[in-house]
Amino acid sequence: CSYEVDGEALGHFNPLPLLLHVCMAVAGLRQHSGDVYTLLAELYSNALEHGILQLPSAWKDGPDGFARYYAERERRLANLHGHSIRFGLEHCGRNHGGRLVIRCRDSGPGFDPNNLPGPATAYAGRGFTLIRQLSSSLTFNKQGNEAEVVYDWELTGNGGGRTEYE
């Protein structure tokens, strides 16, 4: 599946429910909906806020900075033209689970993937750490405007001796 949000829709439309719905059509993956949603949400917010809007995470170092960050986010969203975020979703089933590959590419200038932000604070920098904890891998293209997450998942029993495939 490939899905792109562009132009003014970036400021008015949340693609996450639609993308999650597509992923949940995969038998067994519904058991992992929380992880999948978190991965999609972190990728989308990073692409939008840092890739396209160019908002610095350092602004979120305290409560006052958080207010400044979100006020500037709204201001920049109101003046957003000519940008897009594209998701690519691929799934491959396995004996007792599968592999979901999520690609998220934004039209922003990118960043140096070899120079990722420093340690997380109470207010900022937790996104990449969380993605790495939930996934098998997180990689970036050379330009830094496309992230690829590999999420390997296993079926889990529901306690009744059978495996659920909702």
Side-chain angles (χ1 to χ4, degrees), residues 1-7 9-53 55 57 60 73 77 83-121 123-166:
C1 172
S2 179
Y3 187 78
E4 185 171 340
V5 181
D6 62 4
L10 285 167
H12 305 290
F13 175 71
N14 178 0
L16 298 176
L18 176 63
L19 293 169
L20 184 64
H21 180 76
V22 168
C23 292
M24 295 303 98
V26 174
L29 189 54
R30 182 170 289 188
Q31 297 173 348
H32 304 277
S33 62
D35 287 353
V36 173
Y37 181 83
T38 299
L39 294 169
L40 292 168
E42 288 297 331
L43 288 169
Y44 184 70
S45 67
N46 278 322
L48 179 62
E49 295 176 2
H50 304 301
I52 292 175
L53 299 178
L55 292 166
S57 289
K60 293 190 281 186
R73 181 185 189 276
L77 278 174
H83 285 285
S84 65
I85 297 175
R86 175 176 294 187
F87 275 90
L89 305 170
E90 293 179 30
H91 184 267
C92 178
R94 298 188 173 171
N95 286 340
H96 299 287
R99 172 173 278 186
L100 176 64
V101 178
I102 306 169
R103 289 182 191 84
C104 181
R105 181 181 186 98
D106 66 70
S107 61
F111 69 99
D112 180 359
N114 297 316
N115 192 20
L116 287 175
T121 68
Y123 299 101
R126 298 177 315 273
F128 289 142
T129 300
L130 185 55
I131 290 172
R132 283 191 177 101
Q133 288 172 347
L134 293 175
S135 67
S136 302
S137 70
L138 167 64
T139 57
F140 299 94
N141 66 352
K142 190 174 186 175
Q143 185 179 335
N145 69 339
E146 181 174 350
E148 178 181 281
V149 171
V150 175
Y151 180 69
D152 290 311
W153 60 276
E154 299 287 325
L155 290 171
T156 58
N158 64 3
R162 63 180 232 266
T163 303
E164 189 170 319
Y165 285 93
E166 290 185 351

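Computed over heavy atoms, backbone and side chain alike; hydrogens, waters and symmetry mates excluded. Worth saying up front: this structure is predicted, and the values here are computed from it rather than measured.
By the side-chain hydrogen bond (donor to acceptor under 3.5 Å, both in side chains) test, Y44 pairs with no residue at all, sequence neighbours left out. Qualifying side-chain hydrogen bond (donor to acceptor under 3.5 Å, both in side chains) partners for E42, counting only residues two or more places apart in sequence or in other chains: none. Take S135 and apply the side-chain hydrogen bond (donor to acceptor under 3.5 Å, both in side chains) test, not counting sequence neighbours, and it matches no residue. Applying the salt bridge (charged side-chain N to carboxylate O under 4.0 Å, His left out) rule to D152 yields the partners R94, R99; only residues at least two apart in sequence or on another chain are considered. Contacts of E90 classified as side-chain hydrogen bond (donor to acceptor under 3.5 Å, both in side chains), with partners at least two apart in sequence or in another chain: R103.
The shortest non-hydrogen separation linking L155 to G28 is CD2-CA, 3.6 Å. Annotation for G98 and H91: closest pair CA-NE2, 3.9 Å, computed over non-hydrogen atoms. Scanning all heavy atoms of the two residues, the minimum distance from S107 to H83 falls at OG-ND1, 2.7 Å. Here the shortest heavy-atom pairing between I52 and G108 reads CG1-N, 4.2 Å. When all heavy atoms are compared, the tightest approach of G51 to P109 is O-CD, 3.5 Å. Residues A27 and W153 share a closest heavy-atom pair of O-CH2, 3.4 Å.
The shortest side-chain heavy-atom distance between F87 and L43 falls under the 4.5 Å cut-off. Using a 4.5 Å heavy-atom threshold, the side chains of L48 and D106 count as separate. Within the 4.5 Å cutoff, side-chain heavy atoms of L40 are placed close to those of L89. R132 has its side chain out of reach of T129: every pair of non-hydrogen atoms, C-beta onward, lies at least 4.5 Å apart. Annotation: side chain of L55 is not in contact with side chain of K60 (no heavy-atom distance under 4.5 Å). Counting heavy atoms from C-beta outward, Y151 and H32 have side chains that approach closer than 4.5 Å.
With values rounded to the nearest 0.5 angstrom, S45 atom OG is found 8.0 Å from R73 atom CZ. In this structure, the separation between CG on D112 and NZ on K142 is 10.5 Å, given to the nearest 0.5 Å. The structure places CG of L39 at 11.0 Å from CD of Q133, a figure rounded to the nearest 0.5 Å. Within the model, atoms NE2 of H50 and OG of S57 stand 3.5 Å from one another, a figure rounded to the nearest 0.5 Å. Considering SG of C23 and CG of D35, their distance stands at 12.0 Å, rounded to 0.5 Å. One distance of note links CD1 of I131 with CG of N46; it measures 6.0 Å at 0.5 Å rounding.
Applying the side-chain hydrogen bond (donor to acceptor under 3.5 Å, both in side chains) test to residues at least two apart or on different chains, none of the pairs has a partner in residues 12-21.
Put simply, the side chain of N141 gets close to the backbone of E146: a donor and an acceptor are under 3.5 Å apart.
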